[in-house]
Amino acid sequence: MPELPEVETVRRGIESRVVGRKILDVEVGRERSVRRVGKEAVVHGLTGTTMVAARRRGKYILCDLDSGDAVMIHLRMSGRVLVEPTGTQRPAHTHVVLQLAPRDGLHEEMWFVDPRTFGEVVVYDPRLEAEVLPELAKLGPDPISDRFDGGVLAERLAGRRGAIKPLLLNQHVVAGVGNIYADEVLHRVGLRWSRTVDTLSRKKIDKLAFAIREILAEAIESGGSTLQDTQYVDVEGNVGSFQENHRVYGREGLGCLTCGKTSIRRVMVAGRSTAYCPRCQR
DNA sequence: AAACAAACCTGTGCGC
DNA sequence: TGCGCACAGGTTTGTT
C-alpha cells in the first residue's frame with residue numbers, strides 16, 4: 001500500500017505527535033508483527049524510553065530512542081500508524097500499542113494497525129543494524145532525502161538490463177518508488193513500462209530522475225494517495241489527495257488526460273498491475 | 001544472471 | 001443471498 005509519499009506523511013506525523021513523548025507502556029497483541037526480534041525485545045526496548053527523532057529511508061521509518069536503540073517500522077501492504085486518545089475503540093488488527101505520556105493534558109496512544117500482517121515493528125541496537133536489518137544497506141538512493149539526479153540514476157541503472165518499470169520498483173535501484181508512482185512517473189516522461197534501459201538516452205534518464213523527484217514531492221505535498229478502500233490515512237486519520245492527480249493508475253478504460261485521444265490500458269507486468277497510455281508512452 | 005512465480009495474510013468486490 | 005475467485009499500496013525466496 002504505502003509508497004514513499006505515504007510513508008513520509010506518516011513519518012512527519014510521528015515526528016509531530018510522538019517524538020519527545022515518553023513511552024509509558026507497550027502492548028503487543030500479535031507476535032507476527034514483531035517477528036524479527038520478538039515481543040520481549042519490543043516491549044522492553046520501548047517501555048520507558050522517549051523517541052528523539054523520526055527518519056525515513058525509502059519505505060522504512062526509522063526512529064531513534066533516547067536509550068540509544070532504534071525502531072524500524074515498515075507498513076508493507078496494509079500497515080497504518082495512528083495516534084488516538086487513550087480509551088478510543090481500537091480497530092481490528094491493532095497489533096502494537098504504545099501508551100504515550102500525556103501532552104497538554106491529553107492522554108494518547110500510538111497504534112500499529114495491519115490487517116495483512118506483512119508489516120513489522122523492530123526494536124534494535126543501531127550498532128547491529130547490518131545484522132538485524134541487512135536490507136537497509138542494499139537500498140538505493142532515496143529520491144527525496146539523498147542527492148538524486150540523472151547522474152545518480154544512470155549509475156544505479158548501469159549494468160542492469162530489461163524493462164524500465166520493474167527496475168523502478170527495485171528498491172536497490174531507487175528507494176521508495178512503488179507501483180502507483182512508477183506508473184505515474186513513466187506516464188509523465190512518456191515512457192512505456194516495457195522500454196528497456198539500454199534504449200534510454202542520458203537525456204531521458206535526466207528527465208526520468210527529475211520526474212521521480214517531482215511526482216514524489218507533489219504527492220508528499222498532497223499527503224499521499226488514498227485509494228477507494230481508504231486503507232491509507234495519516235496518523236491523524238486524514239486521507240491523502242494525490243489520487244486526484246493520478247493520470248494513469250486506477251484509470252483503466254478512461255481517456256488519457258494528456259492526449260485526450262486514447263484510453264488508458266492495464267496489463268500485468270512482473271506480477272503488478274500496470275496502467276499506461278499506448279499513445280503517450282513509447 | 002535475470003525473469004518469473006509463489007509465498008507471506010486478510011479483506012473486498014465481482015461474476016455467477 | 002451466498003460462494004469462489006481474482007486482486008490489492010511490498011518484499012523475499014525459490015525455481016526455471
Side-chain angles (χ1 to χ4, degrees), chain A residues 1-11 29-36 56-61 72-81 91-96 112-122 132-140 142 156-186 193-198 215-216 219-220 222-234 239-246 248-253 266-275:
Chain A
M1 163 180 106
E3 306 179 30
L4 189 152
E6 293 75 33
V7 175
E8 172 61 15
T9 304
V10 168
R11 184 202 68 76
R30 179 109 179 217
E31 298 271 354
R32 187 171 148 74
S33 298
V34 296
R35 58 194 175 279
R36 187 145 357 186
R56 184 188 54 73
R57 291 274 315 153
K59 299 169 194 165
Y60 294 76
I61 295 171
M72 187 284 279
I73 300 173
H74 200 303
L75 306 173
R76 292 288 177 98
M77 293 289 268
S78 61
R80 296 156 68 172
V81 172
H93 312 293
T94 302
H95 304 315
V96 180
F112 176 74
V113 181
D114 186 15
R116 294 177 73 180
T117 69
F118 293 167
E120 50 178 333
V121 176
V122 178
V132 182
L133 299 167
E135 65 266 47
L136 288 185
K138 296 176 191 154
L139 286 181
D142 184 294
R156 304 304 298 189
L157 291 172
R160 297 184 189 266
R161 337 169 89 257
I164 186 65
K165 168 152 181 186
L167 287 167
L168 289 184
L169 294 178
N170 184 339
Q171 303 298 296
H172 303 168
V173 174
V174 185
V177 176
N179 204 39
I180 294 176
Y181 297 104
D183 282 1
E184 294 299 321
V185 165
L186 289 173
W193 57 270
S194 51
R195 268 290 285 278
T196 52
V197 265
D198 55 297
I215 287 191
L216 295 178
I220 291 168
S222 305
S225 300
T226 298
L227 305 182
Q228 289 91 329
D229 57 17
T230 67
Q231 276 264 2
Y232 166 72
V233 289
D234 68 12
V239 298
S241 64
F242 194 71
Q243 64 282 0
E244 294 162 18
N245 298 301
H246 291 177
V248 284
Y249 191 89
R251 298 196 66 254
E252 179 189 10
R266 189 172 75 98
V267 293
M268 284 303 241
V269 176
R272 315 301 304 279
S273 110
T274 298

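Every chain is numbered from 1, with letters handed out A, B, ... down the list of sequences.
The nearest whole Å value for the distance from the CG atom in A:Leu227 to the P atom in B:dG13 is 13 Å. With rounding to whole Å, A:Leu133 atom CG is found 11 Å from C:dT12 atom P. Rounded to whole Å, atom P of C:dT11 lies 9 Å from atom CG of A:Leu169. The CG-C1' distance, from A:Asn170 to B:dC4, rounds to 14 Å in whole Å. One can place NZ of A:Lys138 at 16 Å from C1' of C:dG10, the figure rounded to the nearest angstrom. The CD1-P distance, from A:Ile73 to C:dG10, rounds to 18 Å in whole Å. Taking atom CZ of A:Arg272 as the reference point, atom P of C:dA6 lies 18 Å away to the nearest angstrom. A straight line from CD of A:Glu31 to P of B:dC9 spans 14 Å, rounded to a whole angstrom.
When the P atom is compared between C:dA6 and B:dA5, the two are found 15 Å apart, to the nearest whole Å. C:dC5 and B:dA6: their P atoms are spaced 15 Å apart (whole Å). Atom name P, nucleotides B:dG11 and C:dT11: the rounded distance is 22 Å, in whole Å. When the C1' atom is used for both C:dG10 and B:dA1, the distance is 23 Å, rounded to whole Å. C:dT1 and B:dT10: their C1' atoms are spaced 22 Å apart (whole Å).
A distance cut-off of 5.5 Å between ring centres, combined with a plane angle under 30°, places A:Phe118 in a stacking arrangement with the base of B:dC8.
Picking from B:dC9, C:dT12, B:dT10 the nucleotide with the shortest atom distance to the side chain of A:His93 gives B:dT10. Listed nucleotides B:dA2, C:dT12, B:dC8 differ in distance to A:Arg161; the shortest reach to its side chain belongs to B:dA2. Distance from the side chain of A:Glu3 is smallest for C:dG10 among the nucleotides C:dA8, C:dG10, C:dT11.
The side chain of A:Arg30 places an N or O atom within less than 4.0 Å of a non-bridging phosphate oxygen (OP1 or OP2) of B:dT10. Contact between the side-chain N/O atoms of A:Arg116 and the OP1/OP2 oxygens of C:dA8 is not found at any separation under 4.0 Å. Between A:Arg266 and the phosphate of C:dA8, there is a side-chain N or O to OP1/OP2 separation shorter than 4.0 Å. In this model, the phosphate group of C:dG10 is not approached by any side-chain N or O of A:Gln171 to a distance below 4.0 Å at OP1 or OP2.
Within 4.0 Å (heavy atoms only), A:Glu6 reaches no atom of the nucleic acid at all. A:Gly159 comes within 4.0 angstrom of sugar-phosphate atoms only, judged by non-hydrogen atoms across all strands, and of no base. When heavy atoms are screened at a 4.0 angstrom cut-off, A:Arg32 is found touching the sugar-phosphate backbone but no base atom. Residue A:Gly271 is classed as having no contact, given no heavy-atom separation below 4.0 Å to the nucleic acid. A:Tyr249 comes within 4.0 angstrom of the backbone, heavy atoms only, and of no base.
For the pair A:Ala270 and A:Thr117, nearest-nucleotide mapping onto DNA chain B gives the more 5' position to A:Ala270. When each of A:Gln231 and A:Ala163 is assigned the nucleotide of DNA chain B bearing its nearest heavy atom, the one mapping closer to the 5' terminus is A:Ala163. Of the two residues contacting DNA chain C, namely A:Lys59 and A:Ser273, the nearest-nucleotide position lying further toward the 5' end is that of A:Ser273. Remark on DNA chain C: of its neighbouring residues A:Met268 and A:His74, the 5'-side contact belongs to A:Met268, judged by nearest-heavy-atom nucleotide.
With a 3.5 Å ceiling on both atom-pair distances, the Watson-Crick or G-U wobble partner of C:dC7 is B:dG11. B:dA1: no Watson-Crick or G-U partner with both key distances under 3.5 Å is found in any strand.
One distance of note links NE2 of A:His93 with CZ of A:Arg80; it measures 10.5 Å at 0.5 Å rounding.
The two residues A:Ser225 and A:Ile180 come nearest to each other via the heavy atoms CB-CD1, 4.4 Å. Residues A:Val177 and A:Glu3 approach most closely at C-OE1, 4.1 Å, considering heavy atoms. The two residues A:Ala175 and A:Leu4 make their nearest non-hydrogen contact at O-CD1, 3.6 Å.
For the pair A:Glu8 and A:Arg11, the salt-bridge criterion is met [side-chain N within less than 4.0 Å of a carboxylate O].
Looking at A:Glu184, its side chain does come within 3.5 Å of a backbone N or O of A:Tyr249 through a donor-acceptor pair.
Residues A:Tyr181 and A:Glu6 have side chains that bring a donor and an acceptor to within less than 3.5 angstrom of each other.
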